[in-house]
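Below is one structure, written out as structure tokens; comments come after it.
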Amino acid sequence: MASGEEDQDVFEITDFTTASDWERFIARIEEIFHEWKLPTLQQECPLKREELTNGKWEEACEDVMFANFRFLMTRYYLKRDVEPEIKNDELEDQVEVLSSAIEDIISRENDFPARAHCLVRWFGLRDFIVLCPTVGNDIIASENRAKILLSSLCIAINNTNSHVPVFIQLSQRSRRFFLGICEGGGIRTNFEMVHLNKVPQHCNHLAGLLSVFKGKLSCPLQLIPPVDVTIRFTYALHEWSPYSWPQSPPDISDITEDITPSLLGKLPFGALEDPIVELLLFTTWPCLSEDIVVDNDIHSDLDLTQAPAWAVKVRTKDEPACLLGEFLEEFVALCHRKESQQQLLGKLPGEEFDDSNEISQALNKLARPHPIPVTLPNLSAVVSKARPNLHKKSEVSLIDDSLLDKILIFLFPNSVSTLTGDQGSEKNDDFQNCVEEKEMLPAELDDHIRSFKSAPPDSLTWRLALAMCQVNHSYGGIAAVAHLWHEFVLEMRYRWENNFTLPCLEWGAPNLAYCLLHQKLQMLNCCIQRKIAREWQRNQQSFPSTASGSAISLSPQKTEQMNSESEDEEEFFECEDGNENSEIESSMDIDSSPSSEVSVNKKMQLQPEGRLRQCGSLTLLLLDEPLYIPVTQEPAPMTEDILEEHAEVLVQLGTNPEGAALRARMQSACLTSDMEAFKAANPGACLEDFVRWYSPRDWIEEEVYEEGTNTTRIEGHLSPRMQVSGNMWQEAWDNSRPVPARRQKRLFDDTKEAEKILHFLASLKPAMVVHHLLPMVIHAAILLLVDHIPEGPRSLSHTLEQIAAKAARVIRSSEHKYEEILKLICQAEANVACAQSLMSKFCQTESKMKSGSGESGLPQQAEKKKSTKLKQLGTSDETDDDGVWEFVLNILEQPEVDVPGAGKGKLGKLLRRLFAEAQMSTHLEGDEKLEFSGGKHHHYPMIPEFPPPVGREFILRTKTPRPASYSNHSPQRMYCVLSPNEFRLGGAFSEDTTFQ
């Protein structure tokens, strides 16, 4: 009973209608064909010449599964702007025409495309599909697997009526081994391939390849149609020893003795090695009949000098060693270092001094506004004390003293004159003229460069960045950078304490369009200028007779400048005198009393102070006296980080009444100062008088008609916002005292701001210093590339526009990804180096040919200037009839360049000379090589002019009836490549599927 129940439970039904893995695989391929709309593709117009090389190729990819095996199906097709030409009569008659793939196989317009997929080069196809295993899966190595895939593709092609060739990739990817199939128009084409490492003996010439091709066709006709042959030989030129590379590596052994400001002020440029790996010469014999050419193991008619078509291509190094790129890479790498300045340099020099004495002097200096006799060490004393400490770490490479002096003189060109007391204001004047007289750049490039947040060229920040880059590369790396930065900060403090302005900086407030470091240096310069002017004014008041003498050591130009500035700008002192305070308090009491004749008369008793000039024809409202414009304090200059801090503080105050009131008081400091100066300059003035001068829009004048006299008069009143109760302006006016600007508390405390800047500079780590200097280095590198535009390819200007646009965005962004910009700059430098290399080789070759033929050959520098001038003008003259310069530029921009006149033209002779000299350099030695370099080539007839070809390519085509004699003629093609390490046959063999 139990066994019967078990038999009833075990019941299995096999459903033979369920799709197998193979059927699902074919269904997925058909689905992809329909998604790509392959069955509805229409006949396209024939390909134009070189369209496969210059056209735009596109790709489409889909995944396909066969059981657990994943394939990638990729379609490569040429995107054409021309619509396919379709004839209506063909559609009406339903006459089958050859598919585009069959026409491409037999076409002669695109043999040997310079830049295309390998299947395009072998079979000349414009549209095809490749099925290959995805990365990580097993390769297709067995014949059974290949046949299953081909049969699956054949079923899918017939089911969907697709005419696009489909290939499968076998073996390793590096072998590029494909099999394929295509059906359409009543013709089936099988794509087959043979790949060997060595060339078989019987296939080492054209005769043997023709025999293989005809044997494969098995033509049923007794008279086989003639085969058309297209041949291309490739010759490689690797040896450049007869031609010296123009860029020699820098000799840094004695550079510390010969270094000059011109070397420090610019970045190096050029490749340290020849970026040209090889020059390939292609000689082509197009569309030859097999009856008119002989090439066998005994004789060959294929003389490359007689080839009707020549073409040239160069191969360059991927990343040649270039000076500019090397400098930038090493400098950018410092941004990721974590060491501090103390870790790199050890105990800093300032720690050796008497701490108690230094600190007490510093506190006294900050506490008292009047100068006290403080003995400050000069720069030479500070540096001399710094030397022993800096050299305690023997393993750290630091800058030599003589070299450091030259670098500091480069950074501070007025250092020599500073020792004699001359500020060297003419240096800043020269800098201003240098900034104004910049070279004209292309419009778009100039716009991008102007948007850089860096610093003006040749400014102090600019010079510091270039000097740091040179020091990092050649004199000790990050330790030398830390050393130079330490010396720079010492110089900043020395100049601040001894009233010496910074050279090569624009006068005035910090320019927020520049980088933060440049703003800090401008702010420090403003502090020094304010300090100089304040002390000069103080000495002038204390010692009127000797103010222009020995009170402050200023040059006559600087004294004249400070005199002019003291008239227009205010110099300020802290109010300390008790009498002055009592006077101000009494005036405050008078001003706060009710408005009456008595108070007005008391105000008039105050003497006006701090008047600048009369304000037009305006008079005081309460008094019939002119209204004077007071001398006021200028607003405090700020850098962008200080502005951000102030904005954050104001936002944090909130929106409550207390916060709003505090925010108003913080923002009204300048307003209160101006009100006090106005009261001091105009005793007896009221708020309305101040508003008429300070904010004319808040003073409203109206015409009032008087009925008694029938006249009109003008009356004025404050605007509604000025009359609101609790108005900030009214409160500030009531609380302000008549104090001239020279006795007011300074709005801008130059001492405090200077110390903050010096602390900011001293606390920077070397990595942060490099981070602040990188915008200037990138800016200088781009300008250096701009200078080499005449020597580079035509596309260099457009490339620099793209680099500058991207650099402007990166510099201003929060995340500074300089690596991307560095890569683009290095690539542009390599392109210029390639142009220089080719021009140098062709110039030297042409010069040798002219000197050998009795003509006057130009030296190398003259040839270079000639080529630069031709490219700048965009024209040619009688010296460029051979088109060498245009030919060199085309080589740099095109994958292959045709040689006009082939081997018999001027350019062909230049190429023959290059190959001949390379052959002589390879086969000759010593004096024989020198003799040949003088032009005596005819003495060595046994040395061939060209080396053996590195590659020989053959394309064999014909049309024959297959498989039977009564079948339609179908196109047949076989591509052959013979090289020392490769032998490949790729055949496209078609047969008629209608008349078999």
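Basis for what follows: all heavy atoms, side chains included, without hydrogens, waters or symmetry-related copies. All of these numbers come straight from a predicted model, not from anything done at the bench.
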Problem set entry | Residue list, salt bridge (charged side-chain N to carboxylate O under 4.0 Å, His left out) with Glu50, at least two apart or on another chain | none

Problem set entry | Of all pairs that satisfy side-chain hydrogen bond (donor to acceptor under 3.5 Å, both in side chains), the ones with a partner from residues 761-786, not counting sequence neighbours | Ser454-His779

Problem set entry | ring pair (Phe, Tyr, Trp, His ring centres under 6.0 Å) against Trp485, all qualifying residues, sequence neighbours excluded | Phe488

Problem set entry | Contacts of type side chain to side chain donor-acceptor pair (under 3.5 Å), residue Arg912, not counting sequence neighbours | Glu945

Side-chain donor-acceptor pairs of residues 315-330 under 3.5 Å, sequence neighbours excluded:
{"residue": "Arg315", "atom": "NH1", "partner": "Glu278", "partner atom": "OE2", "Å": "2.7"}
{"residue": "Lys317", "atom": "NZ", "partner": "Glu273", "partner atom": "OE1", "Å": "2.9"}
{"residue": "Glu326", "atom": "OE2", "partner": "His473", "partner atom": "NE2", "Å": "3.0"}

Exercise. With sequence neighbours left out, what residues match Gln519 under side chain to side chain donor-acceptor pair (under 3.5 Å)?
Worked result: Glu640

For this session: Could you list the residues that satisfy side chain to side chain donor-acceptor pair (under 3.5 Å) with Gln894, not counting sequence neighbours?
Result: none

For this session: Would you mind checking if Lys266 and Asp787 are paired as a salt bridge, meaning a charged N to carboxylate O distance below 4.0 Å?
Result: no

Seminar exercise, completed: Quick note, salt bridge (Lys or Arg N to Asp or Glu O under 4.0 Å) partners involving residues 771-782, not counting sequence neighbours, are none

Exercise. Residues two or more places apart in sequence or in another chain: which of them pass ring pair (Phe, Tyr, Trp, His ring centres under 6.0 Å) with His448?
Worked result: none

For this session: Would you mind listing every salt bridge (Lys or Arg N to Asp or Glu O under 4.0 Å) that reaches into residues 797-810, with sequence neighbours excluded?
Result: Lys806-Glu820

Problem set entry | Results of side chain to side chain donor-acceptor pair (under 3.5 Å) for Glu819 - residues two or more places apart only | His336

Problem set entry | Residues which pass salt bridge (charged side-chain N to carboxylate O under 4.0 Å, His left out) with Asp641, listed by chain and number, not counting sequence neighbours | Lys520

